[in-house]
Number of protein chains: 2
Amino acid sequence: MSSQPAYRTINIHQLKTVCSACSLKELCLPMGLSHDEIEHLDQLVYTRKRVKRGEALYRSGDPFNSLYAIRTGFFKSNVLLEDGRDQVTGFFMPGEIMGLDGIGQDRHSCNATALEDGEVCVIPFARLEELSREVRNLQHQFHKVMSREIVRDQGVMMLLGSMRAEERLAAFLLNLSQRFLARGYSPAEFHLRMTREEIGSYLGLKLETVSRLFSKFQEEHLVSVQQKHIRITDVEGLKRLLSQPAA
Amino acid sequence: MSSQPAYRTINIHQLKTVCSACSLKELCLPMGLSHDEIEHLDQLVYTRKRVKRGEALYRSGDPFNSLYAIRTGFFKSNVLLEDGRDQVTGFFMPGEIMGLDGIGQDRHSCNATALEDGEVCVIPFARLEELSREVRNLQHQFHKVMSREIVRDQGVMMLLGSMRAEERLAAFLLNLSQRFLARGYSPAEFHLRMTREEIGSYLGLKLETVSRLFSKFQEEHLVSVQQKHIRITDVEGLKRLLSQPAA
DNA sequence: ATACACGTTTGATCCACGTCAAGGCGCCGG
DNA sequence: CCGGCGCCTTGACGTGGATCAAACGTGTAT
């Protein structure tokens, strides 16, 4: 990757690299930008990085230089307490941006780990700021990305702070479903890339509880679960769970 | 720069209004900016807004136009579920910025309410974006503010997802204490502006649990509590609670 | 002053979820 | 094809915090 020749116009791989040619441009940072504006972005992302399953994209404490736009693969972010407790703070899929936590302190405040082999676009942050001083819509788009991350976090707080275990898992499945749909995958049938323990950590539950709930949902014909393969058979049923505070 | 009258020096109220003359400039948006840069900001904030205790600064669904920098008073933000459940997502004090949730969808996604009479600086967002295209450091500073909000939210997730009730309350008190300290108030003795119920909602606990924990902390000589007046008598003791997963 | 309303404290009881423990399934390497 | 190791499921039991209920301050309005 590193030794790209100068005559890049004839390099097919490079062509596929730029935002303007990326299939995720409707979901990712370029969302809502005009064709011309996206071409400005092509100067921004000149590095890709492959990450193998289990590898860290960055770790808490690492100096912050870049944001990462996921091209392929599935990632998680998590924070560790001194005593070893571990809280998963998010799951990320193609088109989503990781690393926003690093801007405020010039170092990352969480770990980002690949849940399967994947590839990310490296976005040098100084360059992004520079470019967004020139391209108004890019600036605005970037602000939207950050704001949506804040809103997403509010949703997780709602989940952790006021929902019961059942509701949390239902909300989680519906959220994944929607995000798969937005990416052109089936919203009804998908593969969970994370373990029960990671789901539990994210939802503030123990892995046994998550497992039991999957079994319960299956008995109630809301989903059909086979290990990591999930098939949602009754979306409305899941949604109904969310509006029913008590059992 | 454009429409400022030349004789602005004689307007006392105006003098107090501008960022360059604001006592909170070390904590608020102008943090880290040079004197000259802060003067640019003076064109940004031309409206203040008084908010009475219990009044909303904005509500979920309201169109988004401005951010709000708190000058005086104490605020909370909360989200409501259809079924009436209410999650407090944050408490805000002077120098902190509210409204960042609105950027992503052009409407606010939570409510912001005054816990006591207060005053905020209205920051028209379009103007902020414009100015931050011109003033590099302002741009960067604003990005830091947003990023820190994301990191703060991660902390709350950690709290809600992996801490026990005792630890949550201890973490909450220590957090308030630090923020009061940063504002020049006593970190050891302060007045809680929110009710037990609001604290509970924020921490994912019921008000009775919060009340019991205050009593427990008092018995253990960690704090002395009298209604809303709190005095932290053993900071180290509180910190110790945080690193002890089990009782 | 007085009184009401609201917020808080405290006790008794309950239950959702955690903990501990024992298999079971499926995948990978030998 | 076999054995081992993650990961998952399921059961039995324990407990932290919720719920229900009853007083008790305290600030605010009359």
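The model shown is predicted, which means the values in this text are computed figures rather than measured ones. Sequence lines set the chain letters: A, B, ... in the order given, protein chains first and strands last, and positions in each chain run from 1.
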Problem - Nucleotide D/dT26, atom P - distance to NE2 of B/H229 in whole Å - result: 13 Å

Handout entry: A/T113 side-chain N/O to A/G54 backbone N/O, donor-acceptor pair under 3.5 Å
Key = no

Practice task
Starting from the 5' end of DNA chain C, give me the residue, B/R196 or A/Q226, whose nearest nucleotide shows up first.
Solution key: B/R196

Problem - Over 12 foreign heavy atoms within 6.0 Å of NZ, B/K228 - result: yes

Fill in the blank from the handout: To the nearest angstrom, the CD-C1' distance between A/E167 and C/dC17 comes to 14 Å

Practice task
Please list, by residue number, the residues of residues 204-215 of chain B whose heavy atoms come closer than 4.0 Å to an atom of DNA chain D; answer none if no residue qualifies.
Solution key: B/G204, B/L205, B/K206, B/E208, B/T209, B/R212

Name the atoms and distances for all side-chain donor-acceptor pairs under 3.5 Å in residues 201-213 of chain A, with sequence neighbours left out.
unit_1, atom_1, unit_2, atom_2, d
A/S201, OG, A/D86, O, 3.2
A/S201, OG, A/V88, N, 2.8

Handout entry: Atom pair distance, as rounded to whole Å: CG in B/L192 and P in D/dT26
Key = 15 Å

Practice task
May I ask you to say whether B/R193 pairs ionically with B/E116, meaning some side-chain N is under 4.0 Å from a carboxylate O?
Solution key: yes

Exercise for the section: Considering only NZ, NE, NH1 and NH2 on the basic side and carboxylate oxygens on the acidic side, decide whether A/E119 and A/K49 come within less than 4.0 Å. Expected result: no

Handout entry: Protein-nucleotide distance (B/L203, atom CG; D/dG17, atom C1'), rounded to Å
Key = 13 Å

Handout entry: Distance, rounded to the nearest Å, where A/Q227 contributes CD and C/dG24 contributes P
Key = 15 Å

Practice task
Could you tell me the separation between the CD1 atom of B/I199 and the C1' atom of C/dT9, rounded to a whole number of Å?
Solution key: 14 Å

Handout entry: Length of the CZ-C1' vector between B/R168 and D/dA18, whole Å
Key = 13 Å

Practice task
Give the C-alpha distance, both sets of side-chain angles, the deciding distance and a yes or no for side chain to side chain donor-acceptor pair (under 3.5 Å) between B/Y58 and B/D101.
Solution key: CA-CA 11 Å; B/Y58 56 80; B/D101 56 276; 3.2 Å; yes

Exercise for the section: Would you kindly give the NE2-to-P distance between B/H191 and D/dG27, to the nearest whole Å? Expected result: 9 Å

